[in-house]
Structure formats: structure tokens, C-alpha cells
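Data first, discussion second: the structure below is written as C-alpha cells.
Everything numeric in this text was worked out from a predicted model, so none of it was measured. Proteins get letters first, then strands, A, B, ... in listed order; numbering begins at 1 in each.
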Amino acid sequence: MDEVDLLILGAGPAGMAAAAEAASAGLSVALLDEQARPGGQIYRDVTEVPKARAAILGPEYTAGRRLADAITTPRIRPIPGATVWKLDPDRTVAYSVDGQAAQIRGHRLLIATGALERPVPIPGWTLPGVMTAGAAQILLKQSGVVPRRAVIAGCGPLVYLIGAQMVRAGTPPLALVETQTRGDFMAALPHLGGALKGWRAMAKGLGWIAELKRAGVPRHTGARDLAVEGEGRAQALSFTTRSRQRIDCDTVLLHEGVVPNTQATRSLGLPHRWDAGQHCFVPDHDRWGETALPGIYVAGDGAGIGGALAAELAGRLVGLHAAAALGRWEQAERDRLAVPLFAALARERAARPFLDAAYPPSPQSRAPADATIVCRCEEVTAGDIRRYARLGCTGPNQAKAFGRAGMGPCQGRYCGLTVTSILAESNGKSPQETGYYRIRPPLKPVTLGELAAMDVPEQQEKSA
Amino acid sequence: MNDASPFLELEPDAPRVTVRFDGTDYALPEGANLAAALLAAGVRIFRATPVSGAPRAPFCMMGACYDCLVQIDGVTRQACMTRVTDGLVVERAPGKDQKDG
Ligand SMILES: Cc1cc2nc3c(=O)[nH]c(=O)nc-3n(C[C@H](O)[C@H](O)[C@H](O)COP(=O)(O)OP(=O)(O)OC[C@H]3O[C@@H](n4cnc5c(N)ncnc54)[C@H](O)[C@@H]3O)c2cc1C
Ligand code: FES
């Protein structure tokens with residue numbers, strides 16, 4: 001089988017930085033990503049982007065070019081367009097490129113699969129014309145496509161970023177409908193000290209808000225009871241502030257922050273814990289990113305939300321650690337090289353507690369009304385989940401026995417946290433006690449043809 | 001470019017190829033992301049759900065939600081993970097009616 005020193009899943013800032021660090025210490029690296037080009041979510045297609053589009057996206061985006069350049073060394077083998085669908089504890093990974101399955105094994109394995117946007121289950125969120133704000137960003141970054149008449153709804157710094165980018169693109173959002181309240185801001189104030197230490201992140205956010213203000217984009221804060229209205233497609237967003245309001249539009253962009261994409265770590269049976277500050281599960285890991293399985297590391301937003309710069313630093317730490325584990329660095333040398341990285345990481349993370357408290361997921365998305373669909377794939381509602389709870393359902397896995405929540409192709413990526421939250425509330429239990437879906441391979445649907453094609457070399461190996 | 005589309009293309013001059021979606025021909029930028037190109041061309045509905053037949057369109061653009069499923073050469077694929085190539089023939093993924101019927 002194909003083998004490398006460090007196998008990396010995910011070519012975002014965490015994966016790219018780990019690859020560069022490990023390669024410079026002499027390790028052979030393979031970098032798998034289902035996207036055609038490196039960059040991850042933040043730096044999507046940064047190596048290809050035309051000048052005018054780069055200007056719209058701003059310097060935080062084009063900064064990713066430096067990382068993408070650093071991985072063009074012979075020791076790093078990029079495997080683009082590779083959808084990973086199975087990981088084994090012995091660090092063998094199965095993936096498909098263009099319908100062709102293959103396997104590769106790493107002496108060390110880094111899972112750097114990044115974040116997903118938190119589900120925002122509101123009435124009408126399954127209608128065509130409703131997308132995540134991140135999806136709009138991907139449209140802009142990768143394709144130069146922007147919605148003409150969009151409302152951005154939800155909360156968090158990325159709401160301001162995409163709003164500002166749309167202003168620069170000449171299609172300012174019709175409005176920002178923000179769910180965070182004055183109470184959230186007050187609750188965040190005790191963390192202001194940390195935020196000031198992470199002042200660069202804060203200054204960026206304030207800059208985006210100023211751009212939106214100059215462009216005359218209306219902001220509605222403390223919005224409740226959001227609902228997308230329309231026949232067969234999104235035609236308006238309605239919500240309540242002091243009174244009920246309605247904004248006509250063609251596109252609704254939803255966003256309430258990002259949460260770790262734990263599909264890969266869950267599929268390995270790794271322990272995860274509930275992070276009450278970030279309202280999500282994170283895989284357990286030590287300061288170097290090592291998980292409960294020896295030689296398997298996590299870094300970046302998939303290990304806990306910290307943003308792109310934190311992801312890059314955590315990736316470099318994994319690169320150093322893997323190089324030391326495989327004998328390329330003395331431990332003392334690794335520790336010396338890591339000192340400035342740990343210090344920078346602490347600075348980078350300093351603003352998080354403030355941001356997490358100031359922009360929490362809305363009460364509506366944590367406890368949607370009964371009629372709201374929570375599982376988009378199987379069209380299971382919040383009321384269904386509450387009914388399962390009354391019938392004795394204690395956790396998301398059991399919910400699968402009551403109905404089909406989480407059993408569609410997205411495998412719970414956009415309902416898992418909501419189902420945990422509804423069951424926890426209904427049963428008076430914590431999210432930790434309630435747990436999450438058990439994730440089994442394949443992580444993404446594979447065809448029988450792909451599986452059959454992969455069996456051939458294995459059988460040959462056995463008979464040889 | 002389609003002025004009736006809810007989406008604006010910032011670089012409308014990119015070289016185009018012909019893609020057939022659900023029986024209609026579209027001139028889409030070669031090599032573009034298929035989901036993005038169809039949205040920009042004014043396609044609003046990509047599939048119907050297998051459960052209720054409700055219309056869906058791309059939601060995440062990152063391969064996670066599966067609301068952009070289409071059929072190409074009989075294989076169900078995510079439009080947001082597919083590139084535009086000349087002569088591509090794309091069908092709506094089978095929804096409720098097809099499943100029941
Ligand atoms: C849609 C979206 C847009 C965002 N935009 C911004 C932004 O503009 N600015 C900002 O500061 N932050 C943004 N973020 C937050 C983002 O999580 C971080 O800033 C940063 O991208 C995290 O880096 P990472 O290396 O941890 O992961 P990512 O950059 O997310 O990279 C993870 C990579 O893993 C790959 N991957 C995942 N699963 C698989 C699999 N099964 N098989 C193969 N490959 C896989 C993905 O394709 C992806 O390229 C965005 C997040 C999302 C979800
Ligand atoms: S739009 Fe979500 S998978 Fe394609």
C-alpha cells in the first residue's frame with residue numbers, strides 16, 4: 001500500500017501549515033482534499049483568483065497564498081479532488097478521486113477537516129434561495145458569483161465579513177438581521193480583556209461593520225422568530241424586533257458561527273466533549289493535537305474553533321510534533337521551536353471567549369418550534385424529536401430508531417447539534433450526557449463500483 | 001449572463017461551453033463550479049426531496065448538505081463538487097415521484 005510519513009486530511013490553513021513544517025523537517029507528506037485546489041474554506045481557490053475578485057475578498061483572504069506557495073515542494077504530494085470516506089485506527093485512509101477508490105497509510109495522520117456552519121433551523125430554511133453565508137462566500141471566492149438581493153441573517157463575525165465583501169462586489173446586502181442581543185453583549189463584557197489582547201481580530205470586525213454602515217446597509221439587532229417566506233423559493237425574511245418586520249429578497253444567507261466538522265474523528269470512535277462556551281462538541285486532544293489514538297492528530301477548526309490563524313499555528317505544531325515523533329527532531333529542539341508558536345496561538349485565541357459570548361447561537365436555533373424541519377435530508381421536525389423524547393428517547397443514536405433523523409446523505413452534519421440540543425432540553429440532561437450520532441463509514445456515499453474497484457488490489461495483496 | 005437570475009456574475013466574459021440541465025441548454029463558463037454556474041444561469045431548483053418532493057437548491061456549496069444532488073451519466077453527484085465541461089448532460093436527481101412510481 002501507498003505509505004507516507006505524515007498523511008494529512010484537509011488542505012486548509014491547518015493542513016497546509018502542518019505539511020510545510022513536516023516537509024521542511026524532512027518528512028514525506030501526502031495532503032488529501034476533496035477540493036481541486038488547496039486553501040480550505042477561508043482561502044478557497046486562492047491560487048487561482050483573478051485580481052479584481054481578490055480585491056473584493058481582501059487581504060485576509062489573499063494572505064493564504066503564502067501558505068499555498070509553501071506546500072509546493074517535492075516532499076509534499078498533493079492528492080486533490082480526493083473525497084475521504086473511511087479512516088482506520090491504524091492510520092489507513094480510503095478515498096475516491098473521480099469515482100476511483102484508493103488507500104493510503106500514514107505513519108502519522110493529521111485530521112484537519114475544518115468547520116461546518118452551525119445549523120440554523122428556522123421555518124423555511126430548506127427553501128431554494130436559502131444558503132449559508134459561507135456558501136455565498138464560496139460562490140464569490142471560487143466562482144465570482146454574488147447574490148443580487150440578499151438578506152444576511154444570524155450572528156457572528158463572518159456575517160460582517162461576507163456583508164462587507166458583498167458591498168465591495170457592488171451588491172450590498174439588503175439588510176443584516178442579527179440575532180444577538182444587548183444581553184449577549186453584556187455577558188461578553190467580562191471577556192473584554194482577552195478581546196483586547198486579540199485586538200487585531202476585533203479591529204478587523206469593526207472595520208467590516210464600518211464598511212457596511214458607510215454603504216447604508218440597515219442592521220436589525222436582537223431579531224427573534226426568523227422565518228423565510230415564499231412559495232417554492234425564498235421570497236422574504238420576516239422577523240420580530242420591536243414589531244414584526246418583513247424584507248422582500250431572493251436570497252437569504254444564514255449564519256450563526258461555525259462548529260468543528262467531527263465526522264472523521266467520530267468515525268474513529270474518538271472521545272469528544274461538549275464545549276459549553278462554543279456550544280459544540282470537540283475531539284479530545286493534547287496541546288500538540290494528539291488524540292486518544294496514538295499517532296493520530298487533530299488541528300485547526302476541526303479541533304475546536306479558533307479561526308484561520310490559530311489553525312495555521314496548530315498545524316505547524318503538529319508538523320513539529322510529528323517530525324519529532326519520527327526522529328527528525330530531538331524533543332528538546334521541538335520544544336524550543338514550539339515556544340513562539342504556543343505564544344502566538346494563545347494571543348490568537350484570546351479574543352474567542354468574547355466573540356463566543358457576544359455571538360451565541362440564537363434561542364430559536366437551539367430550540368426550534370415544533371413545526372420547523374431540523375433534519376433537512378429526511379424532513380424530520382423539532383416536534384418529531386420532542387415526541388421521541390416523550391417516548392423515552394435519550395440520545396441522537398436512539399432517535400434513529402424512532403425516525404430517520406440523521407440517516408440521510410449528509411449524515412447529520414446539519415442536524416446533529418440541533419437534535420442533541422432538543423433532546424437535552426426535553427430530557428433535562430446536558431448535551432454531554434445526551435451525546436451525538438455515532439458516525440460510521442462511509443463518511444460520504446460511495447458507489448458499489450468504487451468499493452469493488454478497491455477490493456481488487458487488496459485481494460491481490462492477500463493472494464501474493 | 002442572465003439578468004433574471006438572483007445571482008450576478010462578476011466576470012461574465014469567461015469562455016462558455018454548452019451544458020444541458022433537465023432538457024434545457026445553458027452556456028456556462030468552462031471549468032466553473034457546476035452548482036455556481038447553474039445558479040448564475042438562473043436555475044433555481046436542483047432537485048426534489050425523496051421524502052415530500054419539496055424543491056431544493058444548493059445550501060452549503062462545500063459538499064456537506066447534499067441539496068445540490070443531480071444525475072450525470074446515471075450517477076448521482078453533488079453539483080457543487082463537479083466542474084463544468086463541454087457537452088455535460090445533467091438531469092434532476094430522482095425525487096419522490098420517481099421513487100414511488
Ligand atoms: C463555508 C465557510 C467559509 C468560511 N470562510 C471564512 C473566511 O472567509 N474567513 C475566516 O476567517 N474564516 C472563515 N471560515 C472559518 C474557517 O473554519 C476557518 O477560518 C479556517 O478555514 C479553518 O481552517 P482549517 O484548516 O481548520 O479548515 P478548512 O479551511 O475548513 O479546511 C478543511 C479542508 O478539509 C477538507 N475536507 C473535509 N472533509 C473532507 C473529506 N471527508 N474528504 C476530503 N477532504 C475533506 C475540506 O475540503 C477543506 O478544504 C469559514 C468556514 C466555512 C465553513
Ligand atoms: S450545496 Fe451542499 S453538498 Fe452541494
Side-chain angles (χ1 to χ4, degrees), chain A residues 34-36 41 44-45 50 52-53 56 81 83 99 114 116-117 125-132 134-140 142-150 169-171 232-234 249-251 254 261 263 373 375-380 404 408-411 413-414 444-445 447 449, chain B residues 1-14 28-29 31-69 72-84 93 96:
Chain A
E34 62 185 330
Q35 291 298 328
Q41 304 311 347
R44 177 71 78 96
D45 280 9
R53 215 190 288 165
I56 291 169
T83 298
L116 293 169
E117 286 173 275
W125 75 306
T126 53
L127 285 170
V130 182
M131 310 182 108
T132 68
Q137 261 203 331
I138 292 172
L139 282 174
L140 174 56
Q142 186 171 43
S143 310
V145 167
V146 282
R148 298 177 204 251
R149 294 175 64 241
T171 52
R233 64 183 175 90
C249 60
D250 292 325
T251 307
L254 298 176
N261 174 1
Q263 300 298 112
I373 288 177
C375 167
R376 300 172 60 90
C377 298
E378 298 293 334
E379 299 179 68
V380 179
R404 290 195 45 88
C410 101
Q411 292 194 325
R413 286 172 174 86
Y414 288 108
K444 302 217 157 178
T447 63
Chain B
M1 168 142 43
N2 181 341
D3 288 336
S5 166
F7 293 89
L8 173 74
E9 289 180 79
L10 297 176
E11 297 124 29
D13 302 329
L28 305 183
N33 180 292
L34 177 63
L38 288 173
L39 285 173
V43 170
R44 291 176 187 250
I45 297 170
F46 278 55
R47 70 167 185 132
T49 60
V51 180
S52 73
R56 291 286 170 86
F59 175 72
C60 75
M61 287 303 294
M62 55 181 279
C65 77
Y66 294 81
D67 268 331
C68 65
L69 290 181
I72 299 171
D73 294 332
V75 181
T76 305
R77 291 176 50 183
Q78 293 166 296
C80 75
M81 304 294 287
T82 305
R83 271 168 185 249
V84 169
K96 180 172 179 270

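- Of the atoms belonging to B/A32, not a single heavy atom falls under 4.5 Å from chain A.
- A/R376 touches chain B through backbone and side chain together, each having a heavy atom under 4.5 Å away.
- B/L34 and B/L28 make their closest contact through CD1-CD1, 4.2 Å (heavy atoms, listed as atom of the first residue, atom of the second, distance).
- A donor-acceptor distance shorter than 3.5 angstrom exists from the side chain of A/R53 to the backbone of A/Q142, with no hydrogens or angles considered.
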**OP:** Please report the C-alpha distance between B/F7 and A/D250 in whole Å, then the side-chain angles of each, then the deciding distance to 0.1 Å, and finally whether the side-chain contact (heavy atoms from CB on, under 4.5 Å) criterion is met.
**Re:** CA-CA 9 Å; B/F7 293 89; A/D250 292 325; over 6 Å; no
Subject >> Audit row: A/R404, B/V51, side-chain contact (heavy atoms from CB on, under 4.5 Å) steps and yes/no >> reply: CA-CA 11 Å; A/R404 290 195 45 88; B/V51 180; over 6 Å; no
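- Counting heavy-atom pairs under 4.5 Å between each of A/V146, A/L127, A/L139 and chain B puts A/V146 at the top.
- Interface remark: of the candidates A/T171, A/V130, A/T251, A/V130 forms the most heavy-atom pairs closer than 4.5 Å to chain B.
- Heavy atoms of A/E117 lying under 4.5 Å from chain B are absent altogether.
- The side-chain hydrogen bond (donor to acceptor under 3.5 Å, both in side chains) search around A/Q41 returns A/R44, not counting sequence neighbours.
- For chain A, the option among B/A37, B/C65, B/A35 with the highest count of heavy-atom pairs below 4.5 Å is B/C65.
- The candidate from B/L39, B/D67, B/V75, B/L10 with the greatest count of non-hydrogen atom pairs under 4.5 Å with chain A is B/L10.
- With a threshold of 4.5 angstrom between heavy atoms, B/M62 approaches chain A through its backbone and through its side chain.
- Under the side-chain hydrogen bond (donor to acceptor under 3.5 Å, both in side chains) criterion, B/R83 pairs with no residue at all, not counting sequence neighbours.
- Counting heavy-atom pairs closer than 4.5 Å to chain B, the top-ranked of the candidates A/T83, A/L116, A/V145, A/N261 is A/V145.
- Residue B/R77 qualifies as open at atom CZ: its count of foreign heavy atoms under 6.0 Å is 12 or below.
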**OP:** I would like to know whether A/T132 and B/F59 meet side-chain contact (heavy atoms from CB on, under 4.5 Å); could you show each step before the answer?
**Re:** CA-CA 6 Å; A/T132 68; B/F59 175 72; 3.6 Å; yes
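- The candidate from B/A14, B/P29, B/P55 with the greatest count of non-hydrogen atom pairs under 4.5 Å with chain A is B/P55.
- Proximity to chain B (any heavy atom under 4.5 Å) is restricted, for A/P50, to the side chain, taken from C-beta onward.
- Both the backbone and the side chain of A/T126 come within contact range of chain B, judged by heavy atoms closer than 4.5 Å.
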